[in-house]
Asks: 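After the structure tokens below, expect a handful of questions from me.
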Amino acid sequence: MEKRKCLECEEAVKGRIDKKFCSDYCRNAYNNRVNKDSKNLIRNINNRLRKNYKILSELNPTGKTKVSRTKLYDKGFDFQFFTSIYKTKTGNTYFYIYDEGYLALENETFLLIRKER
């Protein structure tokens, strides 16, 4: 009979024939190590989206307002991160971070809007 070893610590594995880890600790440690890079990427993107959302929410308390590009940049807004794009029939392109959105206007100005909840 072949001795099975834990994929994380290489201790002997006892129990079911399809068991791969000696304990829950080893299973979690192994999966966290294997998925570390993708989890870090997702965590960083979510943090960036959360920050952008917070900035739009703070600058748009009424649901519709105008702000300058400088004001957004000063707060740390990153225009590369958004969750969806909406194009109108007239050709306007709105960028959304969940329910908070913005539309580029003339003279480095942006219209901030909020979708109805």
Side-chain angles (χ1 to χ4, degrees):
M1 186 160 167
E2 182 182 329
K3 290 228 176 195
R4 295 171 291 128
K5 291 184 178 179
C6 175
L7 295 178
E8 179 65 16
C9 70
E10 298 190 1
E11 293 285 322
V13 175
K14 297 176 182 139
R16 292 180 10 191
I17 195 150
D18 61 343
K19 194 172 176 185
K20 297 178 183 180
F21 303 98
C22 64
S23 67
D24 285 339
Y25 175 83
C26 281
R27 179 178 47 81
N28 286 326
Y30 176 84
N31 286 320
N32 287 339
R33 185 171 44 83
V34 168
N35 298 322
K36 182 174 80 172
D37 291 338
S38 65
K39 284 185 180 178
N40 281 339
L41 174 66
I42 291 167
R43 184 181 309 114
N44 291 338
I45 290 171
N46 283 337
N47 287 339
R48 189 68 251 177
L49 287 170
R50 192 176 301 115
K51 184 174 182 181
N52 278 356
Y53 183 84
K54 183 179 176 191
I55 291 166
L56 291 180
S57 296
E58 288 173 356
L59 293 174
N60 187 18
T62 62
K64 190 173 187 180
T65 190
K66 291 181 184 179
V67 297
S68 67
R69 178 183 294 271
T70 307
K71 195 166 199 175
L72 288 168
Y73 273 134
D74 289 348
K75 295 262 187 190
F77 192 82
D78 190 336
F79 287 93
Q80 293 180 348
F81 292 90
F82 50 87
T83 57
S84 63
I85 298 174
Y86 175 70
K87 288 193 177 199
T88 64
K89 291 178 184 176
T90 59
N92 292 329
T93 302
Y94 289 84
F95 295 87
Y96 281 93
I97 296 133
Y98 306 113
D99 63 337
E100 296 284 345
Y102 61 92
L103 169 68
L105 301 173
E106 299 171 351
N107 301 326
E108 300 288 309
T109 305
F110 288 86
L111 173 66
L112 305 185
I113 59 166
R114 182 178 303 120
K115 282 184 188 175
E116 301 225 358
R117 296 177 189 171

Asks: Do N60 and Y102 pair up side chain to side chain, a donor and an acceptor below 3.5 Å, judged on atom types alone?
Replies: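 Their side chains do not contain a donor-acceptor pair, so the 3.5 Å distance test is not met.
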Asks: Nearest 0.5 Å, what's the CZ-CZ distance between F77 and F82?
Replies: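 Between F77 CZ and F82 CZ, I get 9.5 Å after rounding to 0.5 Å.
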Asks: Could you state the interatomic distance from OH (Y73) to CD (E108), rounded to the nearest 0.5 Å?
Replies: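 Reported value, rounded in 0.5 Å steps: 8.0 Å.
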Asks: Taking all heavy atoms of N52 and all of F81, pick out the closest pair and write down the distance.
Replies: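 Minimum heavy-atom contact is ND2-O, 3.1 Å.
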Asks: Please report the interatomic distance SG(C26) to CG(N31), rounded to the nearest 0.5 Å.
Replies: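 Reported value, rounded in 0.5 Å steps: 11.0 Å.
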Asks: Test side chain to side chain contact (heavy atoms under 4.5 Å, CB included) on L72 and I55 and set out the steps.
Replies: CA-CA 8 Å; L72 288 168; I55 291 166; 4.2 Å; yes
Asks: Report the residue from K51, R114, K64 that forms a salt bridge (charged side-chain N to carboxylate O under 4.0 Å, His left out) with E100.
Replies: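 Result for salt bridge (charged side-chain N to carboxylate O under 4.0 Å, His left out) with E100: R114.
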Asks: Any side-chain heavy-atom pair from K75 and E58 closer than 4.5 angstrom?
Replies: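 Yes, their side chains come closer than 4.5 Å.
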Asks: Can you tell me if CZ on R16 sees more than 12 non-hydrogen neighbours from other groups inside 6.0 Å?
Replies: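 Incorrect, the count does not exceed 12.
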Asks: Can you check whether Y96 and Y98 have ring centres sitting under 6.0 Å from each other?
Replies: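 Ring-ring flag for Y96/Y98: false, centres at least 6.0 Å apart.
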Asks: Restricting to non-hydrogen atoms, name the atom on A12 and the atom on C22 that form the minimum distance, rounded to 0.1 Å.
Replies: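 Minimum heavy-atom contact is O-CB, 4.1 Å.
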Asks: Taking atom types as modelled and ignoring hydrogens, do the side chains of R43 and N46 form a donor-acceptor contact shorter than 3.5 angstrom?
Replies: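 Looking only at side-chain atoms, N46 and R43 do not form any donor-acceptor pair under 3.5 Å.
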Asks: Please find the pair of heavy atoms, one from R48 and one from D78, that lie closest to each other, and give the distance.
Replies: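 Looks like NE-CB, 3.5 Å.
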Asks: Is K71 paired with D74 through a side-chain N to carboxylate O contact shorter than 4.0 Å?
Replies: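 Here D74 does not pair with K71 in a salt bridge, since their nearest N and O are not under 4.0 Å apart.
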Asks: Which heavy-atom pair separates C6 from F21 by the least distance, and what is that distance?
Replies: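 C6 and F21 have their closest heavy atoms at SG-CA, 3.8 Å.
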Asks: Treat each ILVMFWY residue as a node, draw an edge where side-chain heavy atoms are under 4.5 Å apart, and state whether L105 and V67 are in one component.
Replies: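 As far as the 4.5 Å side-chain criterion goes, V67 and L105 are not connected within one cluster.
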Asks: Checking T70 now: which residues fulfil side-chain hydrogen bond (donor to acceptor under 3.5 Å, both in side chains) with it, not counting sequence neighbours?
Replies: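 T70 satisfies side-chain hydrogen bond (donor to acceptor under 3.5 Å, both in side chains) with no other residue.
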Asks: Are more than 12 heavy atoms from other residues, nucleotides or ligands located less than 6.0 Å from atom NZ of K5?
Replies: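 Open.
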Asks: Would the number of heavy atoms belonging to other residues, nucleotides or ligands and lying under 6.0 Å from CD of E10 be above 12?
Replies: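 12 or below, so no.
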Asks: Any chance you could measure L112, atom CG, to T62, atom OG1, to the nearest 0.5 Å?
Replies: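 Going from the CG atom of L112 to the OG1 atom of T62 covers 9.0 Å.
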Asks: Should the heavy atoms of other residues, nucleotides or ligands under 6.0 Å from NZ of K66 be counted, would the total exceed 12?
Replies: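 12 or below, so no.
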Asks: Tell me if a side-chain donor or acceptor on T109 pairs with a main-chain N or O of N107 at a distance below 3.5 Å.
Replies: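 Yes, because the side chain of T109 sits within donor-acceptor range (under 3.5 Å) of the backbone of N107.
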Asks: Got a donor-acceptor contact below 3.5 angstrom from the N92 side chain to the T88 backbone?
Replies: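 Here the side-chain-to-backbone pair does not exist.
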Asks: Counting C-beta onward and ignoring hydrogens, is there a side-chain heavy-atom pair between I97 and L56 closer than 4.5 Å?
Replies: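 The answer is yes; the side chains approach within 4.5 Å.
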Asks: Hydrophobic clustering (ILVMFWY, side-chain heavy atoms < 4.5 Å, transitive) - are L59 and F110 grouped together?
Replies: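 They do share one cluster, since a chain of ILVMFWY contacts under 4.5 Å joins F110 to L59.
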Asks: Take E8 and K20, measure what side chain to side chain contact (heavy atoms under 4.5 Å, CB included) needs, and give me the verdict at the end.
Replies: CA-CA 9 Å; E8 179 65 16; K20 297 178 183 180; over 6 Å; no
Asks: Do you know the tightest heavy-atom contact between T93 and L103?
Replies: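 Nearest pair, atom of T93 first, then L103: O-CD1, 3.3 Å.
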Asks: Rounded at 0.5 Å granularity, tell me how far CD1 in I42 sits from CG in N47.
Replies: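 The CG atom of N47 is 12.0 Å from CD1 of I42, to the nearest 0.5 Å.
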Asks: If you measure from CG on N32 to CZ on R27, what distance do you get to the nearest 0.5 Å?
Replies: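 With rounding to 0.5 Å, CG (N32) is 10.0 Å from CZ (R27).
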Asks: Taking K14's backbone N and O only, do any of them form a donor-acceptor pair with R4's side chain (distance below 3.5 Å, no angle check)?
Replies: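 Absent.
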Asks: Can the ring centroids of F95 and F79 be said to lie less than 6.0 angstrom from one another?
Replies: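 Judged by ring-centre distance (under 6.0 Å), F95 and F79 do not meet the cut-off.
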